[in-house]
Amino acid sequence: MRGVTEKIAWGWYIVWYLFLAGVAAGAGAVAGGVELFCPGRRRLARTLAFFIPVLAGLAGLALVLELGRPARFYLALLYFNPASLMSWGSYLVLLFTGAAAFYLLVWILRWPEAGRRWLAGILLVLSPALASYSGLLFMAIRANPFWAHPLLPAVFWASSLSTGLAFSELAVLAREVRRRYGWSPAWRDFDPWAKPWSVGDLKWLQQLHLLALAGELIFFLLWLTSWLFLPLGPAVLRKLWETGYGLVLGWAVLVLGLLFPLGLSLYARSRTPRDEQGILAWLNPLLVLLGGFMLRYVVVFAGQLIFSPRL
Amino acid sequence: MVIDLNRCTGCHACTVACKAENQLPDGITRSRVVEREVGIYPAVRRIFRKQACMHCQKAPCIEVCPTGASRHTGYGTVEIETKLCIGCGYCVQACPYGARVLNRQTGYPEKCTFCLHRIEEGLKPACETTCIGRAIVSGDLNDPHSEVSRRVAEAQSLHPEYGTKPSIYYIPLRR
């Protein structure tokens with residue numbers, strides 16, 4: 001409950017911004033990594049190149065729409081306050097979106113590979129910064145015991161990587177949908193799936209995702225259990241439980257978004273013959289994306305609800 | 001500013017005066033009176049404390065503002081330069097005293113301005129002039145002969161552990 005009124009200052013647009021920027025950052029890391037280190041799978045990077053600028057652009061749009069004075073968003077870029085993480089973040093979102101847009105342009109216009117590799121390197125460097133910066137932004141609010149947690153940036157980064165990989169799997173699988181409905185762009189250079197992927201590519205992504213999910217689970221559990229050892233931790237956990245956000249965190253994020261996909265992945269791997277494109281291949285990333293979204297939802301809303309200035 | 005908690009009657013006149021002076025919309029206040037019960041039955045009592053922007057010398061809202069719209073004035077108070085404010089709400093989240101709220105009508109955060117428009121005309125803040133218990137005293141802390149300087153000697157800042165160096169002081173309750 002706020003001091004002056006009970007209104008929540010950051011709403012749904014911020015949740016969408018955090019989610020979309022996280023997915024964009026994760027997908028950017030995948031595309032950058034593939035471009036630089038897996039030359040045999042560059043068709044995946046090409047497919048993702050079509051989606052990353054859209055995701056990052058939508059994230060930026062959500063951020064602008066949340067502003068009290070959206071038409072003045074450019075002031076955040078004109079007046080730079082080095083002490084404000086939001087100032088750094090504004091540039092980060094702009095740089096990442098610009099790099100992603102150029103990366104796509106280089107693919108479409110078939111410019112020299114060296115330029116593409118440079119841009120992929122920039123995406124790879126900016127991705128963890130974009131994914132974890134919002135965690136830092138929350139962490140810097142020392143007055144809020146729920147947000148001021150040193151592991152929050154790591155949790156955001158792990159979730160971004162996981163949701164980015166989930167999105168990558170869906171982006172790859174979407175080619176089958178397009179094939180089924182017979183849609184094809186008039187100009188081949190604008191076709192995200194012009195270079196067809198192989199089952200091996202999808203399998204590789206799914207294996208990578210399994211590792212990312214395990215990593216995210218570790219960070220998530222560390223984050224949750226560490227509350228027990230922080231001075232205000234038990235009070236925060238109690239408040240989470242009382243307000244129902246604890247249930248959302250437990251069921252939607254931990255069970256549906258992490259444990260269930262992990263179990264499904266392991267189950268799918270144990271099946272013979274494996275069905276990389278079956279219903280599980282769709283369900284798994286969708287659940288991970290849902291979990292990632294709900295994590296942001298809880299962080300934004302529970303953070304503001306739990307925040308109670310000691311009046 | 002020094003607020004004597006022993007003199008505060010919890011009448012909320014300061015809250016109303018602030019709303020009227022600054023023509024604030026429904027649901028938004030810049031100043032409020034926090035009420036709390038202390039003690040163990042039967043020795044219980046109700047205490048009141050006027051609270052608004054603390055005009056911190058090391059203000060978190062100024063630190064986090066991406067455009068520099070939140071800044072110190074020449075009087076040492078904290079103000080919002082609305083021409084620079086984008087309404088991002090980061091200052092609202094960063095204030096440990098919960099002294100700011102985003103006004104959805106204007107898109108700017110609302111906070112106590114210390115009635116600078118009145119100070120510049122040689123007047124006292126609206127909350128101070130309306131306080132029936134004379135619990136609120138403002139003035140120049142750099143002037144050792146001012147009433148506020150004399151009273152600040154027995155006052156404390158609220159939550160000094162935040163490290164924000166507030167410019168509003170409270171004279172604690174005497175038993």
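Scope of the values below: all heavy atoms of this structure, side chains included, with no hydrogens, waters or symmetry mates. Here is how names work: the chains are called A, B, and so on, in the same order as the sequence lines, proteins then strands, and each is numbered from 1.
- For residues 15-28 of chain B, the pairs satisfying salt bridge (Lys or Arg N to Asp or Glu O under 4.0 Å) are Glu21(B)-Arg118(B), with sequence neighbours left out.
- The minimum heavy-atom distance linking Arg104(B) with Ile8(A) is given by the pair NH2-O, 3.5 Å.
- Using a 4.5 Å heavy-atom cutoff, the side chains of Val92(B) and Trp10(A) are not in contact.
- Between the Asn144(A) side chain and the Ala94(B) main chain, no donor and acceptor come within less than 3.5 Å of each other.
- Here the straight-line distance linking atom CG of Asn81(A) with atom CZ of Arg71(B) works out to 13.0 Å at 0.5 Å rounding.
- Counting non-hydrogen atoms of neighbouring residues, nucleotides and ligands closer than 6.0 angstrom, the CZ atom of Phe48(B) exceeds 12 such neighbours.
- Residue Thr164(B): no heavy atom, backbone or side chain, is found under 4.5 Å from chain A.
- Residue Arg134(B) places its CZ atom among 12 or fewer non-hydrogen atoms of other residues, nucleotides or ligands, all under 6.0 Å distant.
- Around CH2 of Trp118(A), the count of heavy atoms belonging to other residues, nucleotides or ligands within 6.0 Å does not exceed 12.
- For Phe80(A), the part lying near chain B is the backbone, with the side chain staying farther off; criterion is any non-hydrogen pair under 4.5 Å.
- Crowding of Trp12(A) atom CH2: a count of heavy atoms from other residues, nucleotides or ligands under 6.0 Å exceeding 12.
- No side-chain donor-acceptor contact under 3.5 Å links Tyr90(B) to the backbone of Leu85(A).
- Listed for the Arg72(A) side chain is a donor-acceptor partner under 3.5 Å among the backbone atoms of Cys85(B).
- In this structure, the side-chain contact (heavy atoms from CB on, under 4.5 Å) partners of Asp143(B), at least two apart in sequence or on a different chain, are Asp140(B), His145(B), Ser146(B).
- The local environment of CZ in Phe301(A) is crowded, with over 12 non-hydrogen atoms from other residues, nucleotides or ligands closer than 6.0 Å.
- Atom OG1 of residue Thr67(B) and atom CE of residue Met86(A) lie 10.0 Å apart, to the nearest 0.5 angstrom.
- Going from atom CD1 of Ile141(A) over to atom SG of Cys91(B) covers 10.0 Å, rounded to the nearest 0.5 Å.
- Residue Cys88(B) forms a side-chain contact (heavy atoms from CB on, under 4.5 Å) with just one option from Leu63(A), Ile14(A), Leu67(A), and that option is Leu67(A).
- Contact count against chain B (heavy-atom pairs under 4.5 Å) is highest for Ser84(A) among Ser87(A), Ser84(A), Ala140(A).
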